[in-house]
Visitor: 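Questions regarding the structure given below will be posed in turn.
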Amino acid sequence: MATFEEGVSETLQVLRHHGPATRSKLALISGLSRSAVNLRLDALLGANLVRGSQGEASTKGRPADLFAFHERRGRLLVADIGATKFRAGLCDLSGSVEVEESIEVDVAGGPESVLGIVLECFERFLKATNVDREVILGVGVSVPAPVKSGAGMTVNPPIIPRWNRFDVPAWFAPHFACPVYLEKDANAMALGEARLAFPGIENLLMVKMGTGIGSGMVHNGQLFRGADGAAGDLGHTQLALIDADEGPLCKCGNHGCLEAYAGGWAILRDLQETGAAVDTQDDLVALLASGHPEAIRLVRRAGRYVGAAIASAVNMVNPRVVVLGGRMVAAGGDHLFASIREMVYRRSLPLATAELQITRSSLYPRGGLIGLSHLVADAILAPEQIGRLVSKTDR
Ligand SMILES: [Zn+2]
């Protein structure tokens, strides 16, 4: 039998994902008796997580009471950290962004300085929106690195080595009493796409191309992290043949990784070798925007490499949708997109591509923030955490 927490969490999930419902509709969806539904609703109404309103009368007589998830019962603070900048926001529990900022930082410089700037940003949001600290129910941070499942830390992150095993929730603990979560950026983006852009899609692959290359997967409607959180590390899959030429050196220490051919940093490296005056990812983006022939050639080539790697992933996990996001995807435009698409269709199994949709993220550059807010809301409203919000007196 479900515990009290499992029960209220389940009923709230129905309202979050199906929208407002009457008591009888809730009983129908959950297969519960009216009295069980009433008990759960009373607890959720008492905790202010659900609001009641009058629905429209379908026939003559009194309209049935309608119940809805109260998405403004609390707020979330989220920060999507990339290699060269971060975007932070204050969101409600439905993932709607109320205020946000994008700030350039050198993330490789180390976690303390970056998180210090993120915290200052969070403080500004609280002030600007007049939101009390107690209203913040969760904090979420994403990084361009593998995150050990449930541990709140990255392990051997190639692009941001100084973040290795740094405990992000512990760093925030003196500042916020609520739970703090750390996630890989591509996982957060995958969840954001699945919830907002493709709500009916159960299997989705998100590929982020920025300074590095990462991917996140939604499998049967849930984020798929693998046994330890390392799933979806597309950027460090091997492209070069093991016996042949080793391929270029990657930031992870291996040779011949996809990222060492096609990551933003690798394209920059190859462009510099041609004598082009480029120092940063911003320079590369500007050069692409100006139609620089060599930059476009390298981006097309990167697209073929990434497309070949995505084709292997499609053969492995058979997603219905592949979403491409991140700064290089935005900057690479049709040159990059067309070459990725072509390789995926050429190299994947016909059964896997018959209904496969390949698309650019419609949530860019906000996909990470939106995904993080859904991720944090899921976590704080799960049976393990919802007891913090539904007090014993409400039972
Ligand atoms: Zn690598």
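Quick note: residue numbers are just sequence positions, from 1. As a basis for the values below, the full set of heavy atoms in this structure was taken, side chains included, without hydrogen atoms, waters or symmetry mates. For ligands, and for the atoms within them, numbers begin at 1 and follow the listed sequence.
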Visitor: Is there a donor in the side chain of S96 and an acceptor in the side chain of S94, or the other way round, less than 3.5 Å apart?
Guide: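 No, no side-chain donor-acceptor pair sits under 3.5 Å.
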
Visitor: Without swapping roles, check the side chain of E101 against the backbone of C121 for a donor-acceptor pair under 3.5 Å.
Guide: no

Visitor: What pair of heavy atoms forms the shortest contact from V314 to A352, and how long is it?
Guide: CG1-CB, 3.7 Å

Visitor: Ignoring hydrogens and geometry beyond distance, is a side-chain donor-acceptor pair present between Q272 and R269 at under 3.5 Å?
Guide: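 There is no such pair (donor and acceptor under 3.5 Å, judged by atom type) between the side chains of Q272 and R269.
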
Visitor: Taking 2.8 Å as the limit, list every protein N, O or S atom around the Zn ion (ligand 1), by chain and residue number.
Guide: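 Checking every protein N, O and S atom gives H236 ND1, C250 SG, C252 SG, C257 SG.
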
Visitor: Relative to each other, are the rings of F122 and F176 parallel, tilted or perpendicular (30° and 60° limits)?
Guide: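 Answer is perpendicular, since the angle exceeds 60°.
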
Visitor: Taking the basic N atoms (NZ, or NE/NH1/NH2) and the acidic carboxylate oxygens, is any pair closer than 4.0 Å for E259 and K251?
Guide: no

